[in-house]
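Ligands are counted one by one from 1 in listed order, and the atoms in each one are counted from 1 as well. Keep in mind that this is a model prediction, so the values were computed, not measured.
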Amino acid sequence: MCGIVAYTGDQPAKGILIEGLKRLEYRGYDSSGIFILDSPPYLARSVGKVAELERRVWNSAPDGVAGIAHTRWATHGKPSEANAHPHTDCGSKLFLVHNGIIENYQLLKKHLVETGHQFKSETDTEVLAHLVEACYQGNLQVAVQKALLQVQGTFGIAVMHLDHPHTIVVARRGSPIILGIGEKASLAASDVSALAQHTDQVVYLEDNEVACLEPGKFSIITLDNRSVSRGTTSLDWDIESMDRGSFPHYMLKEIFEQPEAVENALRGRVNHSEAVAKLGGLESVQERLLQARHLIIVSCGTSFYAGLFGRYIFETLTDMTVETELASEFRYRKLNLRQGTVVLAISQSGETADTLAALREAKRKGALVLGLVNVVGSTIARETHAGVYSHAGIEIGVASTKSFTSQLTILTLMALLIGRSRDLSYEEGHEIIRALEKVPDQIREILKQANHVRELAEKYCHADHFLFIGRKYQYPIALEGALKLKEIAYIHAEGYAAGEMKHGPIALIDPKFPTLALALEDGSYERVVSNIQEIRAREGQILAVTTERNTKLGNLVDDLIYIPETHEAVAPLLTVVPLQLLAYYCGVLLGRDVDKPRNLAKSVTVE
Ligand code: G6P
């Protein structure tokens, strides 16, 4: 979604701001803009790629040492230069960028128009610029504070004023803002990736706080005027992981990073002698957790499919009743959050608005709320009672890949932790651990088949539709495989529980409608084979994923991908990998922008 980067220091701001915008590109955007405070002040905005704005900036921008910049993902008003940020006030003295949605903007705008303000765009953001202008009496931080008190909705903002050339005021409610404090410079951004190469000292702004940045220093007050004293924290961030290296796309790089992602998810988290998991982030709530009877998992997108896997693994390894709910639907359910209910929010970014709203609702109702989050220090990580970081490393490709395998690993560890305190035997616990520890090398084996998957992509990428089927543990993987193909290759794909085939999708099958069947030799193998036969009988093409020693499927299907033998509950960590590769290669062959698919955003911060 939208991205913010701001800089005030002793270096020309333009390069730092453009570089920051490029780091934020992966979050999704349709236009961008920059303001540099100089004499005269410089404002440039453009539709499309950041590279477009960059060309203009290098040609014409001054070397001013403070500025703000923005990538926009349109919500109010189409992507256009006029609607792109920064927005200005009537006197063009104040410049403002904004992430989020101002819910009462029409009412505010009406009042501002009546008092003589003139608007140049269709955005809700411009209202903020005029509102701050109306509240300004010489102190920018106070003006921003007064203006925001009138605002309903969500915001992360950065504001500059010509009267305060080295000052940037930022504020947040529901949309992240992180400060980066160096020796002679201060930065702010909506995502640490835009700060990390300049400083490792960061401050996470909380909701309803307004910060005033000057080179090398900052101060924070709340909207209700309390001053906040908060030190910086060190960022644990590997800058090198932000580059693509020799890979043509981040998505491919991240698919290939999955062996390490699983290793990192497991590192230091297994107690072999007790066949149990050690999850430091849950220790503070361990007593409540081990007594819990009811688990509700909330998440969106790929994280939701990880949650569906979570339902099976928790039900297998523990005696808990488990529900997995789309975070966006959570609020519409009349949930009986009885004592002993645990709500687990799963999120790569830790900023997804629906997941955040769901966890806040669960907290309000008294549930113990846990997080399974990748981005350290993100809002969901901070607002949950306790949690586990997935440690997958920064994920830049818009479509989640390595975060998903990390999430599956940690869900298994969490279920193991609870299961071993109940009736899961030492032997059963050990079997799971042994299987998990083999996964990194087994993924490496699967990745060696990348060329084979590419050939399959050449054969299948022109299909208009695709069906993915699986049962039990492989059902969420069928859904995830279909989602990947939709997101990356823009091929219409449906994921289905194989048993549901005959209740609808089989009507679609014909020689031009291929099916990918997840047909592992587990408890549901024979039934999946029956589904394959039903598809064959209707002349549908079938591509199957099965286990290495299975020689029986060859004459039933058109194409095969083999994965190594493993425990049934751990197999999803393997089967998802060829499905990610298939989507990736189909996307590349069809000329799609695989790292930044159209209309999608990495971090969805609006509900
Ligand atoms: C967006 C991304 C998906 C992601 C989903 C949930 O739609 O494009 O890849 O799965 O958000 O994001 P989260 O950060 O909460 O896991």
Enclosure of Lys486 NZ (heavy-atom neighbours >12, cutoff 6.0 Å)
yes
Here the pair of heavy atoms bringing Leu195 nearest to Ala189 is CD2-CB, 3.7 Å
Atoms of ligand 1 under 4.0 Å from any heavy atom of Gln348, numbered from 1 in the order shown, are 13 (P), 14 (O), 15 (O), 16 (O)
Practice item. State, yes or no, whether a side-chain contact exists between Arg45 and Arg72 at a heavy-atom distance under 4.5 Å. Key: no
When distances are taken from atom 1 (C) of ligand 1, the protein heavy atom at minimum range is Ala601 O, 3.5 Å
message: Any non-hydrogen side-chain atom of Glu395 less than 4.5 Å from a side-chain atom of Glu257?
response: no
For atom 10 (O) of ligand 1, the closest protein heavy atom turns out to be Thr302 N, 3.0 Å
Of all protein heavy atoms, the one nearest atom 6 (C) of ligand 1 is Cys300 O, 3.4 Å
Exercise for review: Answer whether the closest heavy-atom distance between the side chains of Val342 and Ile296 falls below 4.5 Å.
Suggested key: no
*asked:* Aromatic contact between Tyr473 and Tyr475, with the criterion being ring centroids under 6.0 Å apart: yes or no?
replied: no
Ranked by distance from atom 12 (O) of ligand 1, the top protein heavy atom is Thr352 OG1, 3.4 Å
Next on the checklist: Less than 4.5 Å apart, side chain to side chain, heavy atoms only: is that true for Gln442 and Val570?
Outcome noted: no
ask   = Taking the inter-plane angle between the rings of His249 and Tyr584 on a 0 to 90° scale, is it parallel (under 30°), tilted (30 to 60°) or perpendicular (over 60°)?
value = perpendicular
re atom 3 (C) of ligand 1, the protein heavy-atom contact at minimum distance is Val398 O, 4.1 Å
Quiz prompt | Min N/O separation Ala399 to ligand 1 under 3.5 Å | solution = no
Open item on the list: Any nitrogen or oxygen of Thr355, side chain or backbone, less than 3.5 Å from one on ligand 1?
Closed with: no
Ligand 1 to Ser303, heavy atom cutoff 4.0 Å, flagged ligand atoms 10 (O), 13 (P), 16 (O)
Candidate pair Glu351 and Ser378, rule side chain to side chain donor-acceptor pair (under 3.5 Å), full reasoning: CA-CA 6 Å; Glu351 301 295 347; Ser378 56; 4.7 Å; no
Inset, instruction - Kindly confirm or rule out an N or O of Gln407 lying under 3.5 angstrom from an N or O of ligand 1. - result: no
Taking only non-hydrogen atoms of Ser347 and a 4.0 Å limit, the atoms of ligand 1 in range are 13 (P), 14 (O), 15 (O), 16 (O)
Close approach, Leu600 and ligand 1, non-hydrogen under 4.0 angstrom: no
Honestly, for Glu351 the part within reach of ligand 1 (heavy atoms, under 4.0 Å) is neither
For Ser400, the atoms of ligand 1 under 4.0 Å from one of its heavy atoms are 9 (O)
